[in-house]
Amino acid sequence: MRKTKLPLKFRKITKPSNLNIVFIAIPLLGILILRFLNFDGLYGQDSYEYLRYTKAIQSYLLGGEHPGTFFWPILYPCIAAFFGFIFGSATFGLQFLSSISLSIGCIYILKTIQLLYPKQQYPFLYVLVFGLFCPFFFKMGLIVMSDVTAAMWIAICFYYFFKSHKQQTSLVPVFLFATCALITRYASLMITFPVICYALYLAIQRKAIKQVIYAILLSSLVFIPFLVLQWNALFEATSNYFLKLWSPSYFFKSSYTTQDGFQSYPFPNGLYVLYVIFHPGFIFIGVPLLFVALKNYKKQIEFPQKILGICIALYLIFLAGIPFQNPRILGLVFSLVLVFLYPYFSILLKIHWIKKYALPFAGLAFALQLLFWMRTFSPIYKRTLLEKEIVSMVAPYQGKTLYSFDVDLSLQGRGMHFNYKNLYLERYTDFNTKDLVLFYPEKFEVQWKNKNPIKNWNYIKEHYQLKTLKEDVSGWKLYEIITKKEN
């Protein structure tokens with residue numbers, strides 16, 4: 001059979017010297033376009049907490065007070081603080097770090113595939129369409145959140161692991177980048193633990209004790225910011241609320257009540273964690289690739305598939321036992337899923353009619369990925385616009401006491417000056433005249449039933465007369481407490 005030649009233009013684009021530029025340019029262009037559309041990567045609550053701590057680190061480095069402890073690992077805001085100094089904006093520094101992490105992560109996914117499968121076709125196209133333009137993954141690279149940075153460290157760690165296993169190169173980068181992943185996202189240890197153990201075994205087998213010593217020294221350097229900033233909370237990760245709740249019983253549950261209120265999902269956790277393999281938000285050809293994998297089960301006995309399968313399974317089992325569902329957390333292991341599925345993708349390409357129309361299929365896949373991304377990104381974009389609308393709504397009333405929930409961190413992050421009282425953190429029974437209440441009861445009445453936010457709201461309504469000052473079209477209302485009701 002005559003070998004199909006790639007178009008000349010495509011061969012030029014896929015030269016190694018050009019691949020990195022493509023992976024880096026697209027996410028950067030994405031965040032610039034979104035900033036033009038008034039999206040700065042901040043939404044929800046977690047991103048504003050990263051922003052707050054990044055600014056606190058910058059202040060500390062300039063001679064200010066110690067930033068205090070932080071609930072999450074600190075490598076992401078530490079690196080973002082450095083970029084914030086360069087760009088003159090902590091917010092852009094955080095978003096830029098997410099963007100460049102997506103780019104570097106995809107570069108190392110491609111390098112890993114080329115290392116393990118050097119004779120296969122279209123690895124660049126595969127990573128471009130199903131990696132960079134993966135709807136959830138691409139979204140992670142545009143927002144202020146640490147998940148895609150942790151995924152980058154994991155991708156680099158596994159590349160050097162496979163390189164060392166195949167070419168007998170140094171094992172030091174394996175330990176170093178596994179440490180970086182850990183100090184970015186604690187949960188990454190459940191992914192990297194098997195390769196850490198195997199790398200130790202290889203070091204002993206090769207009598208490479210110096211490499212272990214160097215790895216310990218370099219990893220210790222990565223830990224220095226953690227020790228400096230988290231000295232009073234070194235074991236905070238072990239006291240994580242959701243980690244303490246881990247149980248196999250959650251494999252079969254799709255609804256539960258936690259400190260985040262009542263949550264209900266379409267599928268139980270045991271099925272949900274498989275989203276990373278078959279959900280269109282991750283890889284829409286996952287199901288056919290799994291059928292190919294089952295048909296070619298002998299591939300499973302090859303070393304890369306074994307180690308990748310073990311690491312993916314360990315992490316998914318860990319997530320299935322936690323009463324929490326979020327595709328961001330699944331994204332940590334997605335780089336390994338892409339590498340794991342690639343051999344079966346290359347088998348699909350050997351089918352004559354698929355191979356013949358590979359590039360048109362790639363165009364169709366790209367269009368579908370764009371549609372899926374628009375669907376998954378739309379709620380985040382709308383949330384950011386909503387937060388900015390609420391900022392405009394409350395801005396004239398700054399300086400007063402404000403009772404609120406859910407949006408209070410976004411107001412603080414966007415520079416609104418109030419005496420903030422969070423309706424979730426405690427029960428309040430004493431309110432003053434002229435105090436403000438910003439709330440959306442219909443939004444929270446199911447999830448937070450019999451919890452502090454709704455209990456506090458019901459108490460305010462029952463005991464105080466309220467005046468509506470402003471109302472957003474989304475349903476959020478700003479109230480002023482007029483007087484206490486007489487019994």
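Note that the numbering runs from 1 along the sequence shown for the chain. Scope of the values below: all heavy atoms of this structure, side chains included, with no hydrogens, waters or symmetry mates.
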Please tell me if the side chains of Phe39 and Ile380 come closer than 4.5 Å, counting only heavy atoms from C-beta onward. yes

More than 12 foreign heavy atoms under 6.0 Å from NZ of Lys166: is that the case here? yes

Using only heavy-atom distances, determine whether the side chains of Gln95 and Asp40 contain a donor-acceptor pair under 3.5 Å. no

Determine whether a donor-acceptor pair (N or O, by modelled atom type, separation under 3.5 Å) exists between the side chain of Ser254 and the backbone of Pro266. no

Just to verify, which of Phe133, Phe361, Phe345 counts as forming a ring pair (Phe, Tyr, Trp, His ring centres under 6.0 Å) with Tyr126? Phe345

Who passes side chain to side chain contact (heavy atoms under 4.5 Å, CB included) against Ile216, sequence neighbours left out? Val212, Ser220

Name each donor-acceptor pair under 3.5 Å that joins a side chain in residues 144-158 to protein atoms two or more places apart or in another chain, with its distance.
unit_1: Ser146; atom_1: OG; unit_2: Tyr50; atom_2: OH; d: 2.9
unit_1: Ser146; atom_1: OG; unit_2: Arg185; atom_2: NE; d: 3.4
unit_1: Asp147; atom_1: OD1; unit_2: Arg185; atom_2: NE; d: 3.1
unit_1: Asp147; atom_1: OD1; unit_2: Arg185; atom_2: NH2; d: 3.1
unit_1: Asp147; atom_1: OD1; unit_2: Arg328; atom_2: NH1; d: 3.4
unit_1: Asp147; atom_1: OD2; unit_2: Arg328; atom_2: NH1; d: 2.4
unit_1: Thr149; atom_1: OG1; unit_2: Ser101; atom_2: OG; d: 3.0
unit_1: Trp153; atom_1: NE1; unit_2: Thr184; atom_2: OG1; d: 3.1

Exceeds 12 heavy-atom contacts within 6.0 angstrom, atom OH of Tyr214: no

Count the heavy atoms belonging to other residues, nucleotides or ligands that lie under 6.0 Å from CZ of Phe87, then report whether that count exceeds 12. yes

Hey, does the side chain of Ser264 reach the backbone of Ser255 with a donor-acceptor pair shorter than 3.5 angstrom? no

Are any non-hydrogen side-chain atoms of Leu294 and Leu290 less than 4.5 angstrom apart? no

Mind checking what makes side chain to side chain contact (heavy atoms under 4.5 Å, CB included) contact with Pro327, not counting sequence neighbours? Phe136, Tyr272, Phe282

Go through the steps to decide whether Phe85 and Phe82 satisfy the test ring-ring contact (aromatic ring centres under 6.0 Å, His included), and finish with yes or no. CA-CA 5 Å; Phe85 282 131; Phe82 171 74; 8.1 Å; no

If only atom types and distance count, is the side chain of His66 paired as donor or acceptor with the main-chain N or O of Val228 below 3.5 Å? yes

Kindly write out the residues that satisfy side chain to side chain contact (heavy atoms under 4.5 Å, CB included) with Gln168, not counting sequence neighbours, or none if the list is empty. Arg206

Do we get Lys253 above Tyr250's six-membered ring, with its NZ or CZ under 6.0 Å from the centre and within 45° of the axis? yes

Separation between OH (Tyr424) and CG (Asp406), nearest 0.5 Å, reads 12.5 Å

Got a donor-acceptor contact below 3.5 angstrom from the Gln230 side chain to the Phe70 backbone? yes

Using side-chain heavy atoms (C-beta onward) and a distance below 4.5 Å, is Phe23 in contact with Phe124? yes

Under a 4.5 Å cut-off applied to non-hydrogen side-chain atoms, are Leu142 and Lys139 in contact? no

Taking only residues two or more places apart in sequence, or in another chain, which ones meet Leu370 in a side chain to side chain contact (heavy atoms under 4.5 Å, CB included)? Trp373, Met374

Whether the side chain of Tyr160 engages the backbone of Phe177 through a donor-acceptor N/O pair (distance < 3.5 Å, no angle test) should be reported. no

Under 3.5 Å, side chain of Asn269 to main-chain N/O of Ile322, donor-acceptor pair present? yes

Is there a side-chain contact between Thr112 and Leu338, using heavy atoms and a 4.5 Å cut-off? no

Going by heavy atoms in the side chains, are Leu28 and Phe96 under 4.5 Å from each other? yes

Hey, is CZ on Phe83 packed in by over 12 heavy atoms from elsewhere, all under 6.0 Å? yes

Only counting residues at least two apart or in another chain, list the ones meeting side-chain hydrogen bond (donor to acceptor under 3.5 Å, both in side chains) with Glu387. Tyr48, Arg383

Check whether any side-chain heavy atom of Leu132 sits under 4.5 Å from a side-chain heavy atom of Phe137, and report yes or no. no

